[in-house]
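Side-chain atoms are counted along with the backbone in the values below, which use heavy atoms only and exclude waters and symmetry mates. Quantities reported herein were computed from a predicted structural model and do not represent experimental measurements.
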Amino acid sequence: MKDTTIKETTKVELKNPVLIEGLPGLGMVGKIAARCLIKQLKAKRFAELYSPHFPYYVVVNKKGSVRLLRGEFYFWKNEHGENDLILLIGDHQAQTIEGQYEVSDRILIFAEEHGIKTIFTMGGYRGTAKEAPKVVAVSTSPELLSKGSQAGAMVSPAGNPIVGTAGLLLGLAKFKNIDALCLLGETRGYLPDPSAAKSVLDVLQKTLGIEFDLSGL
């Protein structure tokens, strides 16, 4: 395998889909949030992403078989709203600068192929929450940023870097005329942080107009 590739295991027809990314990162905030969504919505897997830029080991399951590290795309059909959802989770992010760009670009090509016009990315930013973790929002679209702000997020101050796929998808989306919003939950970062994930999902559901059951977090 020389290049990042996405293999679709099931063909699906989706209605104005929105992509939500939640890969591992600071405090595992994005991945915890995405996994919660997949579980609550009972989303179904339909595609897998493989890349030579992921770490060079395999995952061993309970039966002793192995698989490569991968990203997974799930879909959910929204019977009562305008937008179906595509959710992206994964085992790991790319380890190199070049790999981060290649994987992010491949995700955006996949988004274009499925008619996606809006992307949400989720992650964490380092801080110490005294009460409920705060959520910071950054966007390529003033309208989308306004929706995030009205949903309870704070607009990020200038100069804050967003590292990894959650940030690169925003930067590269502008070249493909795709709107993107990044939601970052406040976290100490050294342990998985479901509280920060819950804060992010609270903002996300208000922005999307879709209700999720967050009691499990």
> Is there side-chain contact between L108 and F110, with at least one heavy-atom pair below 4.5 Å?
Replying inline: no
> Linking I/L/V/M/F/W/Y whenever their side-chain heavy atoms sit closer than 4.5 Å, directly or via other members, would L88 and L69 fall into one cluster?
Replying inline: yes
>> Are K15 and K77 packed together at the side-chain level, in the sense that at least one heavy-atom pair is separated by less than 4.5 angstrom?
In response: no
>> Quick check: do L85 and I20 have side-chain heavy atoms less than 4.5 Å from each other?
In response: yes
> Do D91 side-chain atoms and R70 backbone N/O form a donor-acceptor pair below 3.5 Å?
Replying inline: yes
> From K174 NZ over to S141 OG, what is the distance, rounded to the nearest 0.5 angstrom?
Replying inline: 11.0 Å
> Do K7 side-chain atoms and L49 backbone N/O form a donor-acceptor pair below 3.5 Å?
Replying inline: no
> Would you find a donor on one side and an acceptor on the other, under 3.5 Å apart, between the side chain of Q205 and the backbone of F212?
Replying inline: yes
> Counting N and O atoms only, with roles assigned by atom type, does the side chain of N16 sit under 3.5 Å from a partner on the main chain of N83, one being a donor and the other an acceptor?
Replying inline: no
>> I want to check something: taking the side chain as every heavy atom from C-beta on, are F54 and Q95 in contact at a cut-off of under 4.5 Å?
In response: no
> Atom CG of L26 and atom CD1 of I162: how far apart are they, to the nearest 0.5 Å?
Replying inline: 12.5 Å
> If we only count heavy atoms from C-beta on, is the Y74 to F46 side-chain gap below 4.5 Å?
Replying inline: no
> Within the distance-only criterion (no hydrogens, no angle test), does the side chain of T121 pair as donor or acceptor with the backbone N or O of A166 below 3.5 angstrom?
Replying inline: yes
> Got a donor-acceptor contact below 3.5 angstrom from the D84 side chain to the P17 backbone?
Replying inline: no
>> Check whether T207 reaches the backbone of V203 with its side chain - one donor and one acceptor, N or O, closer than 3.5 Å.
In response: yes
>> Donor-acceptor pair, distance only, cut-off 3.5 Å: does the side chain of Q93 make one with the backbone of T165?
In response: yes
> With a 4.5 Å heavy-atom cut-off, do I6 and E48 have their side chains touching?
Replying inline: no
>> Please tell me whether L169 and Y101 are part of a single hydrophobic cluster in this structure, the criterion being side-chain heavy atoms less than 4.5 Å apart.
In response: yes
> Between the main-chain N or O of A180 and the side-chain N or O of T140, is there a donor-acceptor pair closer than 3.5 Å?
Replying inline: yes
> Would you say D105 and K176 make side-chain contact, with heavy atoms under 4.5 Å?
Replying inline: yes
>> Would you say that V58 contacts R67 through its side chain, given a criterion of any heavy-atom pair below 4.5 Å between the two side chains?
In response: no
> Can D202 and K206 be said to form a salt bridge (charged side-chain N to carboxylate O under 4.0 Å, His left out), step by step?
Replying inline: CA-CA 7 Å; D202 184 56; K206 293 174 182 176; 3.3 Å; yes
>> Looking at S199 and P133, would you say the former's side chain and the latter's main chain have a donor-acceptor pair under 3.5 Å?
In response: yes
